[in-house]
There are 2 protein chains.
Amino acid sequence: MRIGELAARTGVSVRALRYYEEQALLAPERSASGQRHYREDAVDQVVLIRQLYAAGLSSKTIAGLMPCVVDGDATPELLRRLAAERDRVDARIAELLSARERLDSVIDGATSNLLTGRRCRNRTAPEPNAGP
Amino acid sequence: MRIGELAARTGVSVRALRYYEEQALLAPERSASGQRHYREDAVDQVVLIRQLYAAGLSSKTIAGLMPCVVDGDATPELLRRLAAERDRVDARIAELLSARERLDSVIDGATSNLLTGRRCRNRTAPEPNAGP
DNA sequence: CTAAAACCTGACGTCGACGTCAGAGGCAAG
DNA sequence: CTTGCCTCTGACGTCGACGTCAGGTTTTAG
């Protein structure tokens, strides 16, 4: 398939696909006229790439991992890096969970303030202030 | 305290603290000569700010929330935004968990490849390739 | 054959959270 | 008074993952 179809099927922009190639994350064939032609499994690869981006990996890091994923080839070094990235993701998740708790407590505090009718300072006039 | 001490006590840079003020996340007093002076609770506020950043909120969003946090003042609108942000954090966490699973499966695949001795292609020569 | 749609290669723009540098005060100690 | 550290205000630089525009070629539909 050509780049437009791959974009449509994966939901990523054409520009992004070209960028991925630039970063050596994808290596489509080229027709005689220079147009990119992707195989079916490119769809899965793009999905994987997006997930790794979502995990916070950089394009450089992903580029280092793609040979492993694509060829099934792996070295102990690569495994170490994969594990390290997983740990980083775990840490990020923990961070987010902590932040979420904090957000919740802020919400709880604010909610109870509202419920107990405790309006601080300048809410003395009952006018519904629509905007500036 | 002055900005250097606050930086030391929170672990964020002096530049970042000035930036936070620029974004209306902090509002320190000023001495006659123009130097910033922070109260003790600024430490907690900075910690909160960092957590909200870690949750993926933008400085603009955080700026909208700080009055609520600081003054304990809350409007239904603010509560909606807080809830929306929490949902966003939840979505991000789910994304990360999914990405983590994917990473794990990649690691598993690669590991079993190594364990079963299945070395693909160019690993024919047993020379320990040290570098480029 | 022709017009529209899709594709190509540069190359510059963006956005957010700061880093960094320059030049100029301010503040406590000796 | 001077030394040395801290602080101030601009203002430009950075980095990553693209967006966007320009100007040209290729493919497809009618």
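Order of the sequence lines fixes the chain letters, A, B, ..., with proteins taken first and strands second; residue numbering starts at 1 for each chain. From a predicted model like this one, the values you see are computed outputs, not experimental measurements.
Between the OH atom of B/Y53 and the C1' atom of C/dG16 there is a distance of 8 Å, given to the nearest Å. Residue A/H37 contributes atom NE2, which lies 10 Å from atom C1' of D/dT26 at whole-angstrom precision. Straight-line distance from the CD atom of B/E22 to the P atom of C/dA17: 12 Å, rounded to whole Å. Summarising the geometry, the separation between CE on B/M1 and P on D/dT7 is reported as 12 Å, rounded to the nearest angstrom. What separates OH of A/Y20 from C1' of D/dC18 is a distance of 8 Å, to the nearest Å. What separates CG of A/L52 from C1' of D/dA17 is a distance of 15 Å, to the nearest Å. The CZ atom of B/R30 sits 14 Å away from the C1' atom of C/dG25 (whole-angstrom rounding). Atom CD in B/E5 sits about 16 Å away from atom C1' in C/dA28, given to the nearest Å.
Criterion: ILVMFWY side-chain heavy atoms under 4.5 Å apart, direct or through other members. Under it, B/Y53 and A/L97 are part of a common hydrophobic cluster.
Taking 4.0 Å as the cut-off between side-chain N and carboxylate O, B/E21 and B/R30 count as a salt-bridged pair. A/E40 and A/R9 are joined by a salt bridge, as a carboxylate oxygen and a charged side-chain nitrogen come within less than 4.0 angstrom of each other. At a threshold of 4.0 Å, the pair A/R92-A/E95 counts as salt-bridged, since one of the basic side-chain nitrogens sits closer than that to a carboxylate oxygen.
Side-chain proximity of A/Q35 to D/dA17, C/dT9, D/dT27: nearest is D/dT27. Here D/dC8 is the nucleotide among D/dT26, D/dC8, C/dC7 with the atom lying nearest to any side-chain atom of B/I3. Considering only side-chain atoms of A/R18, the nucleotide from C/dT9, C/dC18, D/dC8 that sits closest is C/dT9. Of all nucleotides listed (D/dG19, C/dG26, D/dC18), D/dG19 comes nearest to the side chain of A/S13.
Residue B/R18 holds its CZ atom at 13.0 Å from CG of B/L26, rounded to the nearest 0.5 Å.
Along DNA chain D, the nucleotide nearest B/V14 and the nucleotide nearest A/R2 are compared for position; the residue whose nucleotide lies closer to the 5' end is B/V14. With DNA chain D read from its 5' end, the first of the two nearest nucleotides for B/S33 and A/S58 is the one closest to B/S33.
Within the 4.0 Å cut-off from OP1 or OP2 of C/dA17, at least one side-chain nitrogen or oxygen of B/S59 is found. Contact check, B/Y19 against C/dG19: no side-chain N or O comes under 4.0 Å of OP1 or OP2.
Under 3.5 Å, the side chain of B/R36 and the base of D/dT7 form no donor-acceptor pair of N or O atoms. Interface remark: the A/R15 side chain does form a donor-acceptor pair with the D/dT20 base, using a distance-only criterion of under 3.5 Å.
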